[in-house]
Each structure stands twice: as C-alpha cells, then as structure tokens.
Amino acid sequence: MKELTCIVCPNGCRLEVEEKDGEWIVSGNQCKRGEQFAIEEMTHPMRTICSTVRTVFPEAPVLPVRVSVEIPKERIFDVMQEINKVMVREICGTGDPVIKNVLGLGADVIVTSSILKEE
Ligand code: SF4
C-alpha cells in the first residue's frame, strides 16, 4: 500500500493505492481523476515543467517557458538541462516554441509571455 497526495486539483485528497491480483485499488479519491492520477503515479508518473530561458534582450533577460504537454517524471532533469542551454535571439511571444519536441518526448518548450512583443 502506498500513500499519495493527489495534485490534480486544489483539494489535495489523500490517496491510498495498492495492487491486488494485477489490479490497482485506489481509495481516498473524491473523483475519477484521482484514481487515474494514482494509477499513473504507480505505473508511469508524468509532470509538467515551468521554468525560464535566457534572452539576448536587455529589456527582458529571461522569459518564462513551460512544456506543452506533460513529460515522464524521470526525464525532468534531462529536459531542464536542455532548457538551460537556450538563448533566445529572436523576438517571440506566448505559445512560440524555443525547443521543438524536446529530447524526442513529443513536448515542445514554449514561451508563456509576450513581454518581448510588448516592448
Ligand atoms: S481526487 Fe479528485 S477531488 Fe481529490 S484532489 Fe484529486 S482531482 Fe481533486
């Protein structure tokens, strides 16, 4: 039996999950999403990443970014290394990718601010 806190919504339900006869039994969840979260955490945990990248523009030396879809939890460190290599040299705005298909994971790293376009 493993205890987890559901991070899908602010309720933060305390979940208990265990495997019995090849099936995952989840309790403590208030909704179906909690059950999905618990099973995914036990089998293939995924996470989003929010970070920043550097730019050559003095008026906005860093830009906020995030991954376009969740990535495997165990690849967070690798993706952060790729994000840390980025230097933005062209004007870009919200939704523009600074890395496409990062490490072949099917996720782009996209800008979440249009501050450079507002200057
Ligand atoms: S189980 Fe449902 S209600 Fe509880 S934290 Fe997860 S998503 Fe929210």
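Along the sequence shown, the residues carry numbers beginning at 1. Start at 1 and go down the list; that is how both ligands and their atoms are numbered.
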(message) Taking K32 first and then E35, would you say they form a salt bridge - that is, a charged N and a carboxylate O separated by under 4.0 Å?
(response) yes
(message) Tell me whether D108 is salt-bridged to R66, with the criterion being a basic N under 4.0 Å from an acidic carboxylate O.
(response) no
(request) Answer yes or no: are there more than 12 heavy-atom neighbours, outside R47 itself, under 6.0 Å from its atom CZ? (result) yes
(message) Can you report which non-hydrogen protein atom sits closest to atom 3 (S) of ligand 1, along with the distance?
(response) N11 ND2, 3.4 Å
(request) Report yes if some heavy atom in the side chain of V88 is under 4.5 Å from a heavy atom in the side chain of V86; otherwise report no. (result) yes
(request) If you have a sec, work out which protein heavy atom is nearest atom 6 (Fe) of ligand 1 and how many Å separate them, to one decimal? (result) C6 SG, 2.3 Å
(request) Would you mind running through ligand 1 and noting each atom that sits below 4.0 Å from a heavy atom of V8? (result) 7 (S)
(request) Could you check which of G34, A38, P10, C9 puts a non-hydrogen atom nearest to atom 1 (S) of ligand 1? (result) G34
(request) Tell me, please, if C31 has any N/O/S atom, main chain or side chain, under 2.8 Å from atom 4 (Fe) of ligand 1? (result) no
(message) Side chains of T94 and T112 only: does a donor on one sit below 3.5 Å from an acceptor on the other?
(response) no
(request) Identify the protein heavy atom lying closest to atom 4 (Fe) of ligand 1, giving its residue, its atom name and the separation to 0.1 Å. (result) C13 SG, 2.3 Å
